[in-house]
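The structure displayed is predicted, hence computed values, not measured ones. Positions are given from 1 along the sequence. Heavy-atom basis, side chains included; hydrogens, waters and symmetry copies ignored.
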Amino acid sequence: MPVVVAAKAALHNAMLAAGVRKADLTKRLNIAPTLADRLLSMRHQTRIEQIENALAALGQKLVVDVTQ
């Protein structure tokens, strides 16, 4: 699974766990609703830094682990 897809899934899960709606996320990140749609869309290319910032706004930290 691509890192960006896994990170977006983690963002969705963090939002559900925190009870944060998309509208709440747009306010926390100070972004337009259309940007939040793109951030959460699995079909849209998103820079990993943007997802990392969104997770940080939810009190989460993105950690990537590489194993053999």
Side-chain angles (χ1 to χ4, degrees):
M1 172 184 310
V3 173
V4 172
V5 172
K8 285 187 179 200
L11 177 57
H12 280 278
N13 290 338
M15 288 175 67
L16 287 173
V20 173
R21 298 172 301 137
K22 185 170 49 174
D24 300 326
L25 186 64
T26 60
K27 289 177 186 174
R28 290 183 187 198
L29 296 174
N30 195 30
I31 60 174
T34 54
L35 293 177
D37 288 337
R38 292 177 186 165
L39 181 66
L40 296 169
S41 172
M42 296 295 179
R43 294 181 178 165
H44 188 270
Q45 292 289 335
T46 304
R47 292 191 330 265
I48 196 72
E49 295 86 2
Q50 293 173 309
I51 303 167
E52 187 176 26
N53 290 338
L55 284 166
L58 297 171
Q60 301 286 320
K61 182 177 179 181
L62 180 64
V63 177
V64 178
D65 184 23
V66 179
T67 59
Q68 293 181 336

hydrophobic_cluster_shared for V3 and L62, side chain cutoff 4.5 Å: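 The answer is yes; both residues are in one hydrophobic cluster.
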Are V63 and V66 connected in a single hydrophobic cluster, I mean Ile/Leu/Val/Met/Phe/Trp/Tyr linked by side-chain heavy atoms less than 4.5 Å apart?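 Per the 4.5 Å side-chain linkage, V66 and V63 are not co-clustered.
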From [X] atom [atom1] to [Y] atom [atom2], the distance as rounded to the nearest 0.5 Å:
X   : Y   : atom1 : atom2 : answer
I31 : L25 : CD1   : CG    : 5.5 Å
N13 : L58 : CG    : CG    : 11.5 Å
M15 : R28 : CE    : CZ    : 9.0 Å

salt_bridge(R21, D24) N-O dist < 4.0 Å: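 A salt bridge links R21 with D24.
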Closest non-hydrogen atoms of H44 and K8, given as atom of the first, atom of the second and distance, are O-NZ, 2.9 Å
For residues 32-39, which side-chain N or O atoms pair as donor and acceptor with protein atoms under 3.5 Å away, sequence neighbours left out?
{"unit_1": "D37", "atom_1": "OD1", "unit_2": "K22", "atom_2": "NZ", "d": "2.3"}

Anything under 3.5 Å between a donor and an acceptor, one on a side chain of residues 48-56, the other on a protein residue two or more places apart or in another chain? List them.
{"unit_1": "Q50", "atom_1": "OE1", "unit_2": "R47", "atom_2": "N", "d": "3.2"}
{"unit_1": "N53", "atom_1": "ND2", "unit_2": "E49", "atom_2": "O", "d": "3.3"}

